[in-house]
Amino acid sequence: MRAAVLHEIGQEKLEVLDDVEAVGFGPGKVRVRVRATGLCHSDLSAMSGVLPQPAPFVPGHEGAGEILEVGEGVRHLKAGDRVVICWLPACGTCPACRRGQTELCLAGFMNAGTPNFQRSGGDVFGFAGTGTFAEEVVVDAGCAVPIPDDVPYDIAALIGCGVTTGLGAALNTADVEAGSSVAVIGCGGVGISAVQGARLKGAAEIVAVDPVASRRESALRFGATKAISPDELADAKQQVTGGEGFDYVFEVVGRSATARTAYENTRRGGTLVVVGAGAMDDFLQLNMFELFFDEKRILPSMYGGGDVLRSYERTIALWRAGRVDLAGLITHRVQLAEINEALDQMRTGTALRTCIEI
Ligand SMILES: [Zn+2]
Ligand SMILES: [Zn+2]
């Protein structure tokens with residue numbers, strides 16, 4: 001079957017090969033025919049080495065498709081079921097799962113060192129244990145979450161990562177208070193989802209911050225009240241908050257420099273929500289005086305910061321009711337063969353979300 005493979009960390013281009021086989025099928029596993037997959041910024045971060053990932057590997061972790069076959073002991077799924085791929089499956093029994101914080105379950109990561117694919121040249125890994133830039137994946141049954149018939153594959157794919165992450169940051173982690181002021185730094189698919197979440201919660205002011213003009217325009221369509229480039233942030237803080245700082249600032253870039261900017265633009269007693277996925281050697285500096293004296297709450301948000309399956313259901317309900325726009329997030333559509341063009345669009349920042357039809 002076909003899959004897009006990165007041979008070595010640091011390479012910029014993927015090679016679409018047709019001699020790849022999904023491996024590991026057996027008890028507790030399912031085979032999924034991937035139909036649509038989104039391109040998430042984390043895929044680029046894994047390719048460049050910012051996020052840890054063994055190579056060679058098939059990127060992609062935001063996908064949806066249909067079940068081809070279920071392994072022994074899998075009861076809740078059958079061939080033909082439509083599913084979204086969840087890259088962070090909940091085991092249901094660990095302390096984090098029992099607390100309802102399934103986004104912190106580490107069970108799925110236990111398989112991270114196991115190859116998901118094979119070709120004549122040897123083992124190939126799947127990003128985050130999935131690897132959805134492929135026609136077929138074999139995953140734990142817990143990674144395949146059934147979706148209702150009215151949810152198209154391209155929409156379902158987005159729910160698998162970006163939308164869940166961004167909406168959840170506003171709805172679960174920040175629990176934005178109605179009437180508050182919000183700034184979102186970084187307005188790709190995840191940032192725009194945070195904008196939509198803040199709007200749903202009734203934020204009075206939502207300032208979208210991004211260096212790319214097309215993203216700023218998009219942010220306004222999705223509910224931002226103001227969209228500015230990073231160098232205009234000081235003025236916006238003055239105008240919108242009288243210089244005090246925003247009640248909530250979402251950092252959706254994953255760099256210490258933007259996190260520091262976000263911290264400085266959060267009001268005393270306000271909330272900085274860290275959504276971006278950053279590197280292990282990138283350190284955020286805070287001095288002990290400001291940390292204590294300004295009483296800013298720093299809330300990291302991993303995969304939406306709440307029960308993952310509950311977040312999926314909530315997103316589907318909001319989408320069905322027309323309260324969040326998911327189709328509008330898909331600004332580009334490509335076939336697997338055009339994956340490198342899609343990567344370039346992501347790098348230039350012109351895409352919110354690219355849907356790869358497989
Ligand atoms: Zn667990
Ligand atoms: Zn992602």
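Numbers here are sequence positions counted from 1. Indexing begins at 1, ligand by ligand and atom by atom, following the structure's order.
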Chemist: Do R310 and N172 get their side chains close enough for a donor-acceptor pair, meaning under 3.5 Å?
Modeler: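 There is no such pair between these side chains.
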Chemist: Count the heavy atoms of every other residue, nucleotide or ligand shown that sit under 6.0 Å from CZ of R323, and state whether that count exceeds 12.
Modeler: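 Counting neighbours around CZ of R323, 12 or fewer heavy atoms of other residues, nucleotides or ligands fall under 6.0 Å, so no.
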Chemist: Taking the side chain as every heavy atom from C-beta outward, state whether L104 and L106 have any atom pair closer than 4.5 Å.
Modeler: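 Counting from C-beta outward, L104 and L106 never come under 4.5 Å.
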Chemist: Just the protein N/O/S atoms under 2.8 Å from the Zn ion (ligand 1), please, no waters.
Modeler: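 As for protein N, O or S atoms lying under 2.8 Å from the Zn ion (ligand 1), they are C91 SG, C94 SG, C97 SG, C105 SG.
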Chemist: Do S229 and E232 have side-chain atoms, one donor and one acceptor, less than 3.5 Å apart?
Modeler: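 Yes - a donor-acceptor pair under 3.5 Å links their side chains.
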Chemist: Show all protein N/O/S atoms under 2.8 Å from the Zn ion (ligand 2), or state that there are none.
Modeler: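 The answer, once waters are left aside, is C40 SG, H61 NE2, C161 SG.
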Chemist: Check whether any side-chain heavy atom of I9 lies under 4.5 Å from a side-chain heavy atom of M47, and answer yes or no.
Modeler: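 They are not in contact (no side-chain heavy atoms under 4.5 Å apart), so the answer is no.
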Chemist: Checking E251 side chain against G254 main chain: does a donor-acceptor pair fall under 3.5 Å?
Modeler: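 Yes, E251 side chain to G254 backbone: donor-acceptor pair under 3.5 Å.
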Chemist: What I'd like to find out is whether the side chain of F222 reaches to under 4.5 Å of the side chain of C187, using heavy atoms alone.
Modeler: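 A side-chain contact under 4.5 Å is absent here.
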Chemist: Centroid separation under 6.0 Å, is that true for the rings of W87 and Y303?
Modeler: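 When the ring centroids of Y303 and W87 are compared, they turn out to be within the sub-6.0 Å range.
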Chemist: Has E177 got more than 12 heavy atoms of other residues, nucleotides or ligands less than 6.0 Å from its CD?
Modeler: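 No, CD of E177 has 12 or fewer neighbouring heavy atoms, counting only those of other groups under 6.0 Å.
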